[in-house]
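Here is the structure we will look at, set down as structure tokens.
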Amino acid sequence: MPRKLNWLLMGCAAAALAVTAYQQLGGKPQPHVVNDAGCTPEAIKRINNITERAIQSSRCAQRRQ
């Protein structure tokens, strides 16, 4: 029985990962303002799209240099 549960959990995790990947690949990232207010950790955490969040974080890091 535990073996079937493991396979079920792995299947659910794979399905969730596939859905997330499909959503991320389907959209175009929206630009966000790169200023003091937009580069706070709280502001970056509020960005829902993981691709947009990574882009914003990278731009904020470049701004600090």
Side-chain angles (χ1 to χ4, degrees):
M1 189 66 149
R3 211 173 214 174
K4 288 183 182 181
L5 181 63
N6 286 343
W7 280 106
L8 179 65
L9 291 175
M10 283 179 34
C12 289
L17 191 61
V19 168
T20 302
Y22 179 76
Q23 289 174 344
Q24 295 299 317
L25 292 175
K28 183 177 179 184
Q30 299 296 317
H32 294 273
V33 179
V34 181
N35 58 16
D36 290 337
C39 288
T40 62
E42 293 81 20
I44 293 174
K45 288 178 186 176
R46 275 186 258 132
I47 299 173
N48 291 331
N49 186 302
I50 58 176
T51 304
E52 291 177 16
R53 190 179 314 133
I55 292 169
Q56 181 72 0
S57 180
S58 173
R59 288 182 178 164
C60 289
Q62 289 175 353
R63 181 176 178 260
R64 284 186 224 123
Q65 292 180 351

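Sequence positions, counted from 1, serve as the residue numbers for this chain.
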Provide the closest heavy-atom pair for Ile44 versus Cys60 in the form atom of the first, atom of the second, distance. CD1-SG, 4.3 Å

As an exercise, state the distance from NZ of Lys45 to OG1 of Thr40, rounded to the nearest 0.5 Å. 9.5 Å

Would you find a donor on one side and an acceptor on the other, under 3.5 Å apart, between the side chain of Thr20 and the backbone of Ala16? yes

Note: Ala43 and Ala37 closest approach over all heavy atoms is CB-O, 3.3 Å

Could you work out the complete set of other residues in the hydrophobic cluster of Leu8, with links drawn between I, L, V, M, F, W and Y side chains under 4.5 Å apart? none

Tightest non-hydrogen contact, residues Glu52 and His32, listed as OE1-NE2, 2.9 Å

Over all heavy atoms of both residues, which pair between Cys39 and Val34 is shortest? Give the atoms and the distance, please. SG-CG1, 3.8 Å

Pairwise side-chain contact, Gln30 with Ile55, heavy-atom cut-off 4.5 Å (strictly under): no

Please answer whether the main-chain N or O of Gly38 pairs with a side-chain N or O of Gln56 as donor and acceptor at a distance below 3.5 Å. yes

Output the distance between atom CZ (Arg63) and atom OG (Ser58), rounded to the nearest 0.5 Å. 13.5 Å

